[in-house]
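Working notes, structure below.
Numbers restart at 1 for each chain; the letters A, B, ... are given by sequence-line order, proteins then strands. From a predicted model like this one, the values you see are computed outputs, not experimental measurements.
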Number of protein chains: 2
Amino acid sequence: MEEQSEAMGSGISGREDWREEKHEQHAQVQVSEQTDNGEAHQYDVNKYERPSVTVDVLMMSLRQRDLQILLIKRRAWPYEGMWAIPGGFINMNESLESAAKRELQEETGVQDVYLEQLYTFGDPGRDPRTRVITVVYFALLDSERLQVRAASDAADVGWFSVYELPQLAFDHQEIVDYALNRLRNKLEYTTIAFNLLPEQFTLRELQRVYEIILHKRLDKRNFRKKILSTNILEDTGAKKMEGTHRPARLYRFNPAAEHKL
Amino acid sequence: MEEQSEAMGSGISGREDWREEKHEQHAQVQVSEQTDNGEAHQYDVNKYERPSVTVDVLMMSLRQRDLQILLIKRRAWPYEGMWAIPGGFINMNESLESAAKRELQEETGVQDVYLEQLYTFGDPGRDPRTRVITVVYFALLDSERLQVRAASDAADVGWFSVYELPQLAFDHQEIVDYALNRLRNKLEYTTIAFNLLPEQFTLRELQRVYEIILHKRLDKRNFRKKILSTNILEDTGAKKMEGTHRPARLYRFNPAAEHKL
DNA sequence: ATAATAGTGTCTGTGAGACAGTATTCT
DNA sequence: AGAATACTGTCTCACAGACACTATTAT
């Protein structure tokens, strides 16, 4: 697959914050605290030198029958010109997940997607500027909702096949590997795959999700047998007709059936 | 099970740092950086108010045929007098895992134990003093090596059954629940259980590890059949004789046999 | 002998994987 | 008729779980 550099809108990436924001002093929070012997101390939150904390979000979607992720081209040192996973600093009053959602919203404009904390990367030296600890989330987007935003244009944002990535900045390749692993494992025992499909889909489309992510072919009959036996699918009654062949039944995910794969 | 409050030595817990350390100013790191148009900016790492980052370590071990964790009694606000998972601030030049190992060493004196990153908890308000993001690790200790340290005395450190915990400080109960879940899942498809046993052990002892963690009885014959069929065990030739009954074969874990359960 | 735990084998049901031909639509 | 994809069933094998008796040691 060749590199994709499609249009993604909205301009401000999380990493922009890193350069553009105004200087702010640390608030000097003081909290009084009792010690063992009852003597009152002042607790000073600035007592320690603190690492920076960012939240990165690996957005994954199926596009052109391929598993692709959204990357941002760095315009400054370090790793200038290289592609990186979008992310940004965490605000003092938002949860980690909120920060991830904000990032997601800024980059793709979508909300209410599957979001899961992946891992926290914090080796000293992973960012040459300063100590940065990043809590990484990954998001699964269904390609249909994503189409909407694909109109605007930005040369520094693009979708790339996880199987054909350019060299990534920082330790981001490691992060992608980790995410792909997690995704593959969860595919086998959860219903996570449905998050990559629109509300209605055919069994063939679902099978394709598995095939693309697991990167191997699956037997059609065994796949259908297995999926249908779990009762997590609901026949919509509708059919999808495309091309010059027999139309396929459209199904819908039934979250009520908590049945695990 | 009743609460354990056994001796654990060495004095300085990670949480002590929180109170005792001297004030340190943030270093004012300045890194020059190129912007898009080539204009030179100063990058100031103190631009943002930053959360504190701690590393907590949930140490788990099998003691008295029970799954127990190490807790520390808080001696100051907030949650004064309540029990908490040990943890401490991360140093600027150590990795997350190193910080966890340091914590482990400080609390139990043991090294080279199984250590795995669990999850990162960072809701604003989880610590009333300030914004604290904690990267939680869990460690599995075999009870044998732990015995050594069980001699000294400290009233504010103790081992507790995960099934009979006192009320915990912060969101630490949630952390324990999360860890127990992870442990149970991994038990089924990895060889993680061996980390809770000494080098040599009987099949019955191994089965007990599973039973205690999964919190249910297992069939002896099925268990042995399953374990032995994987070839991950090596017969040491030795036998363990205790009590007035037939002695049991002693096995050793064979890591070479990468066979997954 | 008794007490106490170690150690062993069979049957049955379920699920995974291998495998090929018919059905329906459009041109 | 031909092209293209949807849809379906059987067999085999491996593994999980139910289940009960013999073996070995010390007292």
Return the 5'-most residue of the pair A:M241, A:K225 with respect to DNA chain C, ranking by each residue's nearest nucleotide. A:K225
Test: side-chain hydrogen bond (donor to acceptor under 3.5 Å, both in side chains). Region: residues 239-251 of chain A. Which pairs qualify, not counting sequence neighbours? A:E205-A:K240, A:D235-A:R249
Whole-Å distance between D:dT24 C1' and B:K240 NZ? 17 Å
Checking side chain to side chain contact (heavy atoms under 4.5 Å, CB included) between A:V176 and each of A:L165, A:V136, A:D171, A:N181, which is the one that passes? A:L165
5'-most contact on DNA chain D: A:K239 or B:R221, nearest heavy atom basis? A:K239
Sequence neighbours excluded, every pair satisfying ring-ring contact (aromatic ring centres under 6.0 Å, His included) that has a member inside residues 213-234 of chain B: B:Y163-B:H215, B:Y210-B:F223
Contact boundaries on DNA chain C for chain A, cut-off under 4.0 Å to non-hydrogen atoms: C:dA16 to C:dC26
A:F170 ring center within less than 6.0 Å of A:F121 ring center: no
What residues, two or more places apart in sequence or in another chain, satisfy side-chain hydrogen bond (donor to acceptor under 3.5 Å, both in side chains) together with B:E174? none
Suppose we screen for side-chain hydrogen bond (donor to acceptor under 3.5 Å, both in side chains). Which residues come up paired with A:Q200, at least two apart in sequence or across chains? none
Contact list for DNA chain C against residues 243-252 of chain A - heavy-atom distance below 4.0 Å: A:T244, A:H245, A:R246, A:P247
Among residues at least two apart in sequence or on other chains, which ones pass side-chain hydrogen bond (donor to acceptor under 3.5 Å, both in side chains) with B:Q207? B:E211
Axis-to-axis angle for the helix from C:dA1-D:dT27 to C:dT27-D:dA1, ends of five pairs each, to 10°, equals 10°
So, are B:R184 and B:E188 salt-bridged, with charged N and O less than 4.0 Å apart? no
Can you name the side-chain hydrogen bond (donor to acceptor under 3.5 Å, both in side chains) partners of A:E97, sequence neighbours left out? A:K101
With sequence neighbours left out, write down each residue that passes ring-ring contact (aromatic ring centres under 6.0 Å, His included) with A:Y178, or none if nothing qualifies. A:Y119
Should A:L141 and A:L70 count as side-chain neighbours, where that means a heavy-atom distance under 4.5 Å? no
Any donor-acceptor pair, under 3.5 Å, between the side chain of A:K220 and the base of D:dT5, if you only look at N and O atoms? no
Contacts of A:E234 meeting salt bridge (charged side-chain N to carboxylate O under 4.0 Å, His left out) (sequence neighbours excluded), chain-then-number -> A:R252
Any donor-acceptor N or O pair under 3.5 Å, side chains B:S61, B:S143: no
Where along residues 203-219 of chain A does a heavy atom come under 4.0 Å from DNA chain C, residue by residue in number order? A:D219
Rounded off to whole Å, could you give me the CG-to-P distance for the A:L233 and D:dC7 pair? 12 Å
